[in-house]
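To find a chain, count down the sequence lines: A is the first, B the second, and so on, and within it residues start at 1.
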Amino acid sequence: MKIASWNVNSLNVRMPHLAQWLAAAQPDVVALQETKLEDTRFPDGDIAALGYRSVFCGQKTYNGVALLSRVPAEDCVIAIPGFEDEQKRVIAATIDGVRVVNLYVVNGKAVGDVKYEYKLRWLAAVRDWLAAQIAQYPELVVLGDFNIAPDDRDVHDPAAWHEKILCSTPERDALRAITDLGLHDSFRLHSEEGGQFSWWDYRMAGFRRNLGLRIDLVLVSDALRARCVASGIDREPRTWERPSDHAPVWVRLAR
DNA sequence: ATGGTGGTGCGACCA
């Protein structure tokens, strides 16, 4: 079972990229972020023609998440229970016996900004919810655009990014509070290497110069850890014409 | 120190 995550930065624009990548990568489950589409405009028919069911929760211009899967998604939830939030950033469902939680974590803009405070409150609410989810669903995958680089190996220039947004200690502590629930960064189960990024700024030829961060993560629960046989970052779609600024990341679970 | 690039949608705002 191959499970992937991709921030597409507008599904409307990236539909051809998604189609090409699905055909090549053959994932069983894909979590999308930044679809930027209201539910009435979601291209579930086009995605069905590619062999995938869709569940989705979006808004126009900003945010929006979806789960695509070969088999139907069950018990779908489209928000953090009990957390007041107008922004469409969460969708969860059970797919082929695995609980999959797709997160588009708040960016935060800058350390100390009002959006940064919202990011930390949002992450605390997610942690509390995931604590309950992992008890209910031991076979849990939490994936998405975390907008946090877990440590300095995940940052092209740690000195320049020191205590900056996406890298600050409170953000990393909030991520640790989530992984401390018994969730493992699947990429780090198979590689200790630095310089492996999933996002590159469009500006300053960021991708060409590999000025990136690893902020897109696939976390697997203790119960799934032994089944996690491979993981990776697929840089290729970032080389295509008019790409998303994020690359797909993925994990393969043995049966 | 500034601004550089994209998406949405036509002026900012978000990343």
[atom1] spacing across the pair [N] / [M], given as an integer number of angstrom:
N      : M      : atom1 : answer
B:dG9  : B:dC13 : C1'   : 11 Å
B:dG11 : B:dG7  : C1'   : 14 Å
B:dG6  : B:dT2  : P     : 23 Å
B:dC14 : B:dA1  : P     : 25 Å

What are the two closest heavy atoms between A:Phe56 and A:Ser54, and how far apart are they?
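So the minimum-distance heavy-atom pair works out to CD2-CB, 3.8 Å.
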
If we check side chain to side chain contact (heavy atoms under 4.5 Å, CB included) with A:Leu143, which of these qualifies: A:Leu217, A:Val29, A:Val218?
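The option that passes is A:Val218.
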
If only atom types and distance count, is the side chain of [X] paired as donor or acceptor with the main-chain N or O of [Y] below 3.5 Å?
X        : Y        : answer
A:Arg238 : A:Asp245 : yes
A:Arg172 : A:Ala149 : yes
A:Thr35  : A:Leu11  : no
A:His190 : A:Cys228 : yes

How does DNA chain B look in dot-bracket notation if pairs are Watson-Crick or G-U with both distances under 3.5 Å, crossing ones as [ ], other-strand ones as |?
....((((...))))

Atom CG of A:Leu211 to atom P of B:dT5: distance rounded to whole Å?
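A:Leu211 atom CG is separated from B:dT5 atom P by 15 Å.
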
Spacing of CZ belonging to A:Arg235 relative to CZ belonging to A:Phe207, to within rounding of 0.5 Å:
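The distance works out to 4.0 Å.
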
Scan nucleotides 7-15 of chain B nucleotide by nucleotide, 5' to 3', and note B when protein non-hydrogen atoms come under 4.0 Å of the base, S if they reach only the sugar-phosphate, - if neither.
SSS---BSS

I want to check something: taking the side chain as every heavy atom from C-beta on, are A:Gln33 and A:Asn102 in contact at a cut-off of under 4.5 Å?
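Sidechains of A:Asn102 and A:Gln33: in contact.
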
